[in-house]
Amino acid sequence: MTATATMQAAVIRRHGGPEVTEVEELARPAAGPGEAVVRVAACGLNHLDIFVRRGMPGLPIPLPHVSGGDIAGWVDEIGEGASPELIGTAVLVDPAVGDGALGETLPGGLAEYVVVPVANLIPLEDPDRLVAFAALPIAYGTAYRMIVTRARLAAGETIAILGASGGVGVACVQFAKRIGARVLACTSSSEKARRLRDLGADDAIDVLEEDFSAAVWKLTDKKGADVVVDYSGKETWPGSIRCTAHGGRIVTCGATTGFDATTDLRYVWRRELNILGSDGWTRSELLDVVGLVARGEVDPVVHGVYPLSRVTEAIAQLEERRAFGKVVVVPDAVYGQVTEKEGQHE
Ligand SMILES: NC(=O)c1ccc[n+]([C@@H]2O[C@H](COP(=O)([O-])OP(=O)(O)OC[C@H]3O[C@@H](n4cnc5c(N)ncnc54)[C@H](OP(=O)(O)O)[C@@H]3O)[C@@H](O)[C@H]2O)c1
């Protein structure tokens with residue numbers, strides 16, 4: 001147990017743009033009954049952190065707030081009722097707590113310490129890959145549920161993935177290739193398209209250069225994709241509907257560009273389309289993902305690792321659509337120790 005009374009944290013005191021996030025000293029939290037304090041080694045960023053900072057209609061966030069749901073670290077303290085043997089263990093945290101999540105409705109891991117229900121701790125056998133594990137829960141957990149559980153993607157099927165360079169996007173590409181599907185990755189630059197091909201995509205479409213829907217239609221000999229993954233929402237949804245095959249599935253977990261998207265219902269009935277919603281992950285799905293990474297069968301794509309003091313720069317990678325894969329933040333006090341082990345830097 002450490003004796004520090006304060007900790008560095010990225011604090012949001014009001015909703016707004018990047019300027020409202022300040023790295024400052026906060027009181028170090030303490031563990032209540034059934035809880036643990038985790039010393040954060042790495043915290044993966046998600047688009048959710050941007051939505052939380054901006055404020056989401058219908059989801060009040062108690063302010064001041066610390067976001068960051070994807071946390072890997074070491075158990076530093078445990079509360080009443082938990083096993084003291086956990087102290088010092090390297091863990092991944094399942095961010096789903098009740099109806100909310102750490103970093104969303106509860107304080108998150110963009111800090112040196114975070115309070116976590118003991119039931120959400122996933123002990124890790126490999127303590128030297130904490131950046132890789134911190135890249136997983138929200139993006140890879142959600143992608144796994146979309147591709148495996150909801151869309152039930154099968155070998156030999158064709159899948160089109162919109163926003164393929166993002167955290168959820170690269171995970172979808174990796175899971176779809178593992179299954180043996182033909183992957184058409186849609187992205188916003190030729191450089192990202194090249195990297196998606198390197199990651200295994202069979203074709204990559206630059207959406208700023210061509211109409212992705214027409215391109216998918218052409219690449220599938222006018223049959224359409226069996227599965228389309230679209231969490232970009234308003235801007236892409238009409239095109240996604242048009243390029244889905246007869247009897248195909250469109251799966252969504254979000255709407256980065258707006259949720260008031262237009263659905264041309266003629267396509268839905270004539271092509272007998274199946275629109276599938278997918279929200280989060282189950283513990284069992286997350287454990288499947290952790291197992292794939294622990295066995296070296298999936299290697300999470302990490303765009304860069306930033307010290308907590310530069311968290312605004314790190315979030316800008318997502319907000320300005322520059323990231324390829326996951327951006328991970330590491331507290332300054334352990335930055336050298338953590339990044340050296342994994343050979344990862346910004
Ligand atoms: N329901 C759930 O449980 C759940 C869980 C995780 C994520 N989500 C949702 O899934 C979406 C993706 O999340 P993420 O964390 O993977 O985000 P991310 O890492 O920021 O990636 C989003 C990708 O979408 C594309 N994009 C399209 N329009 C964009 C815009 N205006 N600004 C930024 N990127 C844009 C970009 O890819 P290209 O440049 O390749 O086009 C970008 O890389 C979000 O809407 C998020 O809320 C939902």
Step-by-step side chain to side chain donor-acceptor pair (under 3.5 Å) determination, Asp206 to Ser190: CA-CA 6 Å; Asp206 181 346; Ser190 55; 4.9 Å; no
Evaluate side chain to side chain contact (heavy atoms under 4.5 Å, CB included) for Ile161 paired with Leu184, printing each intermediate quantity in order. CA-CA 6 Å; Ile161 300 165; Leu184 312 181; over 6 Å; no
Applying side chain to side chain contact (heavy atoms under 4.5 Å, CB included), run through Asp226 and Ile159 and close with a yes or a no. CA-CA 6 Å; Asp226 301 299; Ile159 181 171; over 6 Å; no
Worked verdict on Val131 versus Val338 for side chain to side chain contact (heavy atoms under 4.5 Å, CB included): CA-CA 8 Å; Val131 167; Val338 169; 3.6 Å; yes
Could you go through Thr252 and Asp230, starting from their C-alpha distance and side-chain angles, then the distance that decides it, and tell me whether this counts as side chain to side chain donor-acceptor pair (under 3.5 Å)? CA-CA 5 Å; Thr252 181; Asp230 186 339; 5.6 Å; no
Mind running side chain to side chain donor-acceptor pair (under 3.5 Å) on Thr263 and Trp237 for me, showing each step along the way? CA-CA 7 Å; Thr263 303; Trp237 190 256; 2.9 Å; yes
Quick one: do Arg54 and Glu319 satisfy salt bridge (Lys or Arg N to Asp or Glu O under 4.0 Å)? Show the steps, please. CA-CA 11 Å; Arg54 289 181 189 158; Glu319 203 155 11; 3.0 Å; yes
Starting from the C-alpha separation in whole Å, work towards a yes-or-no answer on side chain to side chain donor-acceptor pair (under 3.5 Å) for Asp76 and Tyr113. CA-CA 9 Å; Asp76 194 64; Tyr113 297 92; 4.6 Å; no
Determine whether Asp70 and Lys326 satisfy the following criterion, side chain to side chain contact (heavy atoms under 4.5 Å, CB included), listing intermediate values before the conclusion. CA-CA 11 Å; Asp70 285 341; Lys326 299 295 299 177; 4.2 Å; yes
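Cys253 contributes atom SG, which lies 7.0 Å from atom OH of Tyr231 (distance to the nearest 0.5 angstrom). A distance of 13.0 Å separates CG in Leu219 from CZ in Phe212, rounded to the nearest 0.5 Å. Separation of atoms CG (Leu121) and CD (Glu35) is listed at 10.5 Å; rounding is to 0.5 Å. In this structure, CZ in Arg322 is found 12.5 Å from OG in Ser165, a value given to the nearest 0.5 Å. Between the SG atom of Cys43 and the CD1 atom of Ile71 there is a distance of 5.5 Å, given to the nearest 0.5 Å. With rounding to the nearest 0.5 Å, the separation of OG in Ser188 from CG in Leu162 is 11.0 Å.
We find that Asp299 and Arg129 are joined by a salt bridge, their nearest charged nitrogen and carboxylate oxygen being less than 4.0 Å apart. A salt bridge is absent between Glu157 and Arg152; no separation between the charged side-chain nitrogens and carboxylate oxygens falls under 4.0 Å. Asp49 and Arg53 are not joined by a salt bridge, as no carboxylate oxygen comes within less than 4.0 angstrom of a charged side-chain nitrogen. Salt-bridge formation is not detected for the pair Arg28/Glu112: no Lys NZ or Arg NE/NH1/NH2 atom is positioned less than 4.0 Å from an Asp or Glu carboxylate oxygen. With salt bridges taken as basic N to acidic carboxylate O contacts below 4.0 Å, none links Arg182 and Asp202. Between Asp260 and Lys234 a salt bridge is recorded (basic side-chain N to carboxylate O distance below 4.0 Å).
With a 4.5 Å cut-off on side-chain heavy atoms, Leu130 and Leu124 count as touching. When side chains are defined from C-beta on, Leu102 counts as touching Val116, because their heavy atoms get closer than 4.5 Å.
No more than 12 heavy atoms of other residues, nucleotides or ligands shown are found within 6.0 angstrom of CD on Glu125. Summarising the local packing, CG of Asp279 is surrounded by 12 or fewer heavy atoms from other residues, nucleotides or ligands at distances under 6.0 Å. Remark: Arg266 CZ is loosely packed, at most 12 non-hydrogen atoms of other residues, nucleotides or ligands lying under 6.0 Å away.
Closest approach of Glu210 to Ala215, counting heavy atoms only: OE1-CB, 3.7 Å. Closest non-hydrogen pair, Ala181 versus Leu153, comes out as CB-CD2, 3.6 Å. The minimum heavy-atom distance between Ala31 and Gly79, with the atom names listed, is CB-N, 3.6 Å. Here the closest heavy-atom approach between residue Ala30 and residue Val37 is recorded as C-CG2, 3.8 Å.
Using a distance-only test at 3.5 Å, with no hydrogens or angles considered, no donor-acceptor pair links the side chain of Asp221 to the main chain of Lys223. Between the Thr142 side chain and the Ala139 main chain, no donor and acceptor come within less than 3.5 Å of each other. A donor-acceptor pair is defined here as one N or O able to donate and one able to accept, closer than 3.5 Å; such a pair exists between the side chain of Arg150 and the backbone of Gly277. Using modelled atom types, one side-chain atom of Thr257 and one backbone atom of Ser232 make a donor-acceptor pair closer than 3.5 Å. Remark: the backbone N or O of Asp128 is paired with a side-chain donor or acceptor of Asp126 at under 3.5 angstrom. Between the side chain of His303 and the backbone N or O of Phe324, at least one donor-acceptor pair lies under 3.5 Å. Checking side-chain atoms of Arg249 against main-chain N and O of Ala151 turns up a donor-acceptor pair under 3.5 Å. Using a distance-only test at 3.5 Å, with no hydrogens or angles considered, no donor-acceptor pair links the side chain of Thr244 to the main chain of Ile250. No side-chain donor-acceptor contact under 3.5 Å links Tyr140 to the backbone of Val293. Of the possible polar contacts, one joining the His65 side chain to the Gly103 backbone as a donor-acceptor pair under 3.5 Å is found.
Trp74 pairs in a side-chain contact (heavy atoms from CB on, under 4.5 Å) with only one of the listed residues (Ile87, Val334, Val91), which is Val334.
Applying the side chain to side chain donor-acceptor pair (under 3.5 Å) rule to pairs touching residues 79-107 yields Asp94-Trp281, Asp94-Arg283, sequence neighbours excluded.
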